[in-house]
Amino acid sequence: MSSPRVLSIQVGVPKRYEGGSTSTEKAWYSAFDKQPVSDKRYVQITHIDGDAQADRKNHGGPDKAVLCYAADHYWTWQQELGVKLPHGGFGENLTIDGMDETNVCIGDVVAIGEAKFQVSQMRGPCWKISARWGIPDLLDKVKATGRTGWYLRVLKEGYIESGQPINLLERIHPNWTIERVNHVCEGRLNDAQAIQDLLAVNELSAAAKKVVELRLRRILDHA
């Protein structure tokens with residue numbers, strides 16, 4: 001992969017959608033539709049300026065301030081789906097070149113522009129991915145492939161802009177890539193001791209730990 005950089009920045013605000021989901025045929029509200037911006041954007045502790053969330057319970061907040069997605073995945077999706085999706089198509093704020101779930105680890109500290117971030121958790125994809133694009137099995141494909149994206153918490157506020165490099169400042173947990181955490185959450189890694197080790201990672205968000213704890217209980221219940 002090339003040297004990591006921010007390929008594009010996207011923000012969005014909640015809007016109404018009419019049905020079209022696999023979970024409900026009722027209207028739903030979401031800020032999933034992120035649009036690119038060309039100017040500098042200030043990153044606050046909970047969000048990028050101009051960005052918002054409709055579901056504050058499951059999205060946003062300090063541990064999920066910024067959603068990232070690998071740019072290379074778009075080419076792969078186009079080959080598999082026959083559809084060209086735009087950057088921001090998976091609801092991400094930052095489309096990243098040179099990084100993906102295989103080389104991003106929980107706790108990684110990175111600098112972009114004036115801001116500093118830490119990788120806080122995997123992205124837990126939901127039905128809105130399928131609903132947004134009218135592709136019923138897209139959510140299942142995202143989960144199966146592990147092309148989910150990842151979240152950042154903001155350690156230092158500041159301005160960022162597209163094209164800026166991403167500099168890795170610290171790697172605390174090289175064994176816990178986003179890919180490996182996804183394996184835990186999707187039941188592809190059933191090593192109870194390894195999962196207990198993951199729960200001991202302080203940098204993993206509280207919300208993610210709840211998901212991991214549930215997976216551990218299921219494993220122990222069937223031991």
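The figures that follow rest on heavy atoms only: side chains count, while hydrogens, waters and symmetry mates do not.
When atom types are taken as modelled, the side chain of Trp133 and the backbone of Gly89 share a donor-acceptor pair closer than 3.5 angstrom. Between the side chain of Asp63 and the main chain of Ser205, no donor-acceptor pair closer than 3.5 Å is present. Between the side chain of Arg215 and the backbone N or O of Cys185 there is at least one donor-acceptor pair closer than 3.5 Å. Using a distance-only test at 3.5 Å, with no hydrogens or angles considered, no donor-acceptor pair links the side chain of Gln196 to the main chain of Ala194.
Residues Gln121 and Tyr151 have side chains in contact (heavy-atom distance under 4.5 Å, counting atoms from C-beta outward). Counting only heavy atoms from C-beta outward, the side chains of Ile48 and Val66 approach each other to under 4.5 Å. Trp77 has its side chain out of reach of Asp72: every pair of non-hydrogen atoms, C-beta onward, lies at least 4.5 Å apart. Looking only at side-chain heavy atoms (C-beta outward), Val83 and Leu85 come within less than 4.5 Å of each other. The side-chain heavy atoms of Phe117 and Ile166, taken from C-beta on, include no pair separated by under 4.5 Å. Contact check for Lys40 versus Gln164: no side-chain heavy atoms found under the 4.5 Å cut-off. Between Thr102 and Thr177 there is no side-chain heavy-atom pair separated by less than 4.5 Å.
A single hydrophobic cluster is not seen to contain both Leu204 and Leu214; linkage of ILVMFWY side chains at heavy-atom distances under 4.5 Å, directly or through other members, places them apart. One hydrophobic cluster, built from ILVMFWY side chains closer than 4.5 Å, holds both Ile160 and Ile45. Val154 and Ile172 fall into different hydrophobic clusters, where Ile, Leu, Val, Met, Phe, Trp and Tyr side chains are chained together by heavy-atom contacts under 4.5 Å. Hydrophobic clustering (side-chain heavy atoms under 4.5 Å, transitive across Ile, Leu, Val, Met, Phe, Trp, Tyr) groups Leu199 together with Val201.
With sequence neighbours left out, Tyr42 forms a side-chain hydrogen bond (donor to acceptor under 3.5 Å, both in side chains) with Glu157.
Summarising the geometry of Leu189 relative to Ile219, their closest heavy-atom pair is O-CD1, 4.3 Å, with the distance given to 0.1 Å. When all heavy atoms are compared, the tightest approach of Leu138 to Ser130 is N-OG, 3.5 Å. The nearest pair of heavy atoms linking Gly12 to Ala31 is O-CB, 3.9 Å. Closest of all the heavy-atom pairs between His47 and Asp51 is CD2-O, 3.6 Å. When all heavy atoms are compared, the tightest approach of Asp33 to Lys15 is OD2-NZ, 2.7 Å. Pro174 and Cys105 get closest at one heavy-atom pair: O-SG, 3.7 Å.
Ion pairing of Lys141 with Asp137 is present here, as a side-chain N (NZ or NE/NH1/NH2) and a carboxylate O approach within less than 4.0 Å. Taking a cutoff of 4.0 Å between a charged side-chain nitrogen and a carboxylate oxygen, Arg147 and Asp100 do not qualify as a salt bridge.
Taken to the nearest 0.5 Å, the NE2 atom of His73 stands 10.5 Å off from the CD atom of Glu80. The CG atom of Asp197 lies 7.0 Å from the CH2 atom of Trp176; values are rounded to the nearest 0.5 Å. With values rounded to the nearest 0.5 angstrom, Glu92 atom CD is found 9.5 Å from Trp150 atom CH2. Here CG of Leu7 is found 8.0 Å from OG of Ser162. Values are rounded to the nearest 0.5 Å. In this structure, His183 NE2 and Arg188 CZ are separated by 5.5 Å, a value rounded to the nearest 0.5 Å. Taking CZ of Arg132 as the reference point, atom CZ of Phe32 lies at 7.5 Å (rounded to 0.5 Å).
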Check the pair Leu152 / Leu67 against side chain to side chain contact (heavy atoms under 4.5 Å, CB included), numbers first and verdict last. CA-CA 6 Å; Leu152 305 177; Leu67 177 60; over 6 Å; no

Begin with the C-alpha distance, continue with both residues' side-chain angles, and end with the deciding distance and a verdict on side chain to side chain contact (heavy atoms under 4.5 Å, CB included) for Val184 and Leu216. CA-CA 9 Å; Val184 171; Leu216 179 61; over 6 Å; no

Any chance you could lay out the side chain to side chain contact (heavy atoms under 4.5 Å, CB included) test for Val6 and Ile96, step after step, and finish with the verdict? CA-CA 5 Å; Val6 177; Ile96 305 296; 4.2 Å; yes

Full working for side chain to side chain contact (heavy atoms under 4.5 Å, CB included) between Leu94 and Ile9: CA-CA 5 Å; Leu94 304 182; Ile9 300 172; 3.8 Å; yes

With side chain to side chain donor-acceptor pair (under 3.5 Å) as the test, would you mind laying out the steps for Ser8 and Thr95 before giving the verdict? CA-CA 5 Å; Ser8 60; Thr95 307; 3.3 Å; yes

Assess the residue pair Glu203 and His173 against the criterion (side chain to side chain donor-acceptor pair (under 3.5 Å)); give the C-alpha distance rounded to whole Å, side-chain angles, the decisive distance to 0.1 Å, and a yes or no. CA-CA 9 Å; Glu203 293 76 15; His173 304 288; 2.6 Å; yes

Could you go step by step and tell me if Gln78 and Thr76 meet the side chain to side chain donor-acceptor pair (under 3.5 Å) rule? CA-CA 5 Å; Gln78 185 175 351; Thr76 306; over 6 Å; no

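Between Tyr69 and Tyr74, the distance from one ring center to the other falls under 6.0 angstrom.
Defined by atom type and a distance below 3.5 Å, a donor-acceptor pair is present between the side-chain atoms of Asn182 and Thr148.
Of the listed residues (Asp108, Ile106, Asn103), just one forms a side-chain contact (heavy atoms from CB on, under 4.5 Å) with Ile178, and that residue is Ile106. A side-chain contact (heavy atoms from CB on, under 4.5 Å) with Gln10 is found for one member of Arg41, Gln35, His87 and no other, namely His87.
Counting only residues at least two apart or in different chains, salt bridge (charged side-chain N to carboxylate O under 4.0 Å, His left out) contacts with residues 110-124 are absent.
With a 6.0 Å radius and a threshold of 12 heavy atoms from other residues, nucleotides or ligands, Lys209 has its NZ atom above the threshold.
Taking a 4.5 Å side-chain heavy-atom cut-off between Ile, Leu, Val, Met, Phe, Trp and Tyr, the cluster of Leu155 extends to Val109, Leu169.
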